[in-house]
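Below is one structure, written out as C-alpha cells; comments come after it.
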Amino acid sequence: MADHREFNYRRLHSLLGVIPIGVFLVQHLVVNHFAVYGEESFNKAAGFMAGLPFVLVLETFVIYLPILFHAILGVYIVFTARNNVKNYGYFRNWMFKLQRITGVIVLVFIAWHVWETRIQIGLGNADLDYSLMENILTNPIMFWFYIIGVVSAVFHFANGLWSFAVTWGLTQSPKSQKVVSYATILIFLVISYIGVRTLIQFAYGA
Ligand code: HEM
C-alpha cells in the first residue's frame, strides 16, 4: 500500500515537472526574451502576462503549488531515497547525478528570484518593468548567479524530459532512448540560448 502510494507520488512528481512546470519555464523564458527587442517590447509582454484575469489564482495552481510539490518530493528524493539507477553507463549516470544537483541549485535560485521579483512587486516595493531586471543584472555577481540558475533550470528540464520518457514507458529500446538523448540536448541548447541571451541584454544592453 505504502509502495503504491509512493509510486503514485513519483508519477505525479514526474508529470508536474513537465506539465505545468516545464511548460511554464519555457513560456517564461520566451516572454522575457522580448527584452532583446527593446525596453518597450519587454514591458508590453510582461505587462500582458501580469494583466491576465485571475492572475493570482492562475499563478497559485499552475506555478506555485506544482513547484512546491515537485520541490518537496525532489529534496526528499535527493537526500533520502536510494539511487536505484539501472546500469545505464557512464554518460547516463552523470546525467542522473546532474539532475539531482541542478534540482537543488534551481530550488535556491527560484526562492531568491521569486523573493526579489514577484514578492517585492506584490509588496509594492518594486514595479514590473525592464529596469527591475536591469538593476539586478548589472551587478556582476547577480548576473553570474542568474546565468547558473537559468542554465541549471533548463538542463534540469531538458534532461528531465529524457527520464520522463523512461518513467512513462515512452522510450524502452536503447535506440529510442538515444534519439531522445539527442532531442533533449538540442532542447537544452536552444532554450539555454534564449535564456542567456536575455540575461546579457539586461546586463550589457547588447
Ligand atoms: C524549473 C523548475 C523545475 C522543472 C521544470 C523541473 C522539471 C523536472 C522534470 C521534467 C523531471 C523529470 C521527471 C522524471 O524523471 O520522470 C524532474 C525530475 C526531478 N526533479 Fe525537477 N524540476 C524543477 C525543479 C526542481 C526542484 C526545485 C527540485 C528540488 C530539488 C527538483 C528535483 C527533481 C528530482 C530529484 C528529479 C528526479 C526524479 C527521479 O529521478 O525520480 N526539481 N524535474
Greater than 12 external heavy atoms within 6.0 Å of [X]'s [atom1]:
X    : atom1 : result
F61  : CZ    : no
W168 : CH2   : yes
L52  : CG    : yes

Look at the side chain of [X] and the backbone N and O of [Y], then say whether any donor-acceptor pair between them is shorter than 3.5 Å.
X    : Y    : answer
H13  : H70  : yes
Q201 : H33  : no
S176 : S173 : yes
R11  : E6   : no
W162 : Q177 : yes

Are [X] and [Y] close enough that some pair of their side-chain heavy atoms sits under 4.5 Å apart?
X    : Y    : answer
F145 : N139 : no
I121 : L132 : yes
V75  : L107 : yes
I105 : I101 : yes
N159 : L98  : no
N32  : M133 : no
M142 : E116 : yes
L29  : V154 : yes

query: Between atom CD1 of I72 and atom OH of Y9, what is the distance when rounded to the nearest 0.5 Å?
result: 11.5 Å
By ring pair (Phe, Tyr, Trp, His ring centres under 6.0 Å) - contacts of Y193 (at least two apart):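 Ring pair (Phe, Tyr, Trp, His ring centres under 6.0 Å) list for Y193, sorted by chain: empty.
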- prompt: Apart from V55 itself, what residues make up its hydrophobic cluster when side-chain heavy atoms of I, L, V, M, F, W and Y under 4.5 Å apart count as a link, directly or indirectly?
  reply: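 Members besides V55: none; it forms no cluster.
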field: Sequence-distant partners of D129, side chain to side chain donor-acceptor pair (under 3.5 Å), two or more places apart
entry: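 Partners of D129 by the side chain to side chain donor-acceptor pair (under 3.5 Å) criterion, ordered by chain and then number, come out as S131.
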- prompt: In chain order, what residues pass the side chain to side chain donor-acceptor pair (under 3.5 Å) check against N125, with sequence neighbours excluded?
  reply: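 With neighbours one apart ignored, the set is Q120.
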task: Starting from the C-alpha separation in whole Å, work towards a yes-or-no answer on side-chain contact (heavy atoms from CB on, under 4.5 Å) for Y76 and L73.
output: CA-CA 5 Å; Y76 170 79; L73 192 53; 3.9 Å; yes
Out of curiosity, does [Y] fall in the hydrophobic cluster containing [X] (side-chain heavy atoms, cut-off under 4.5 Å, transitive links)?
X    : Y    : value
L65  : V23  : no
L123 : Y64  : yes
I185 : V26  : yes
L25  : V108 : no
I77  : F7   : no

statement: Applying side chain to side chain contact (heavy atoms under 4.5 Å, CB included) to F34 and not counting sequence neighbours gives Y37, S41, A45
- request: Check L12, I21, L15 against P66 for a side-chain contact (heavy atoms from CB on, under 4.5 Å) and give me the one that passes.
  value: I21
- request: Please assess M95 against F155 for the test side-chain contact (heavy atoms from CB on, under 4.5 Å), listing each intermediate value before the final yes or no.
  value: CA-CA 10 Å; M95 294 297 109; F155 175 90; 3.7 Å; yes
- request: Measure from the ring center of F202 to the ring center of F42 and say whether it is less than 6.0 Å.
  value: yes
- request: Would you sort out whether Y204 and F143 count as a ring-ring contact (aromatic ring centres under 6.0 Å, His included), showing the intermediate values?
  value: CA-CA 10 Å; Y204 300 103; F143 174 73; 5.5 Å; yes
- prompt: Where do V31 and A46 come nearest, in terms of heavy atoms and distance?
  reply: CG1-N, 4.3 Å
query: Among side-chain atoms of S181 and R92, is any donor-acceptor pair under 3.5 angstrom?
result: yes
Which residues share a salt bridge (Lys or Arg N to Asp or Glu O under 4.0 Å) with R118, sequence neighbours left out: E59
- prompt: Any idea how H28 and F24 line up, ring-wise: parallel (<30°), tilted (30 to 60°), or perpendicular (>60°)?
  reply: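 Judged by the thresholds at 30° and 60°, the geometry between H28 and F24 is parallel.
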task: Show your working on side-chain contact (heavy atoms from CB on, under 4.5 Å) between I147 and L199 and close with a plain yes or no.
output: CA-CA 7 Å; I147 291 275; L199 297 177; 3.9 Å; yes
message: Quick one, Y130 with E40, criterion side-chain contact (heavy atoms from CB on, under 4.5 Å). Give me CA distance, side-chain angles, the key distance, then yes/no.
response: CA-CA 8 Å; Y130 189 95; E40 207 180 305; over 6 Å; no
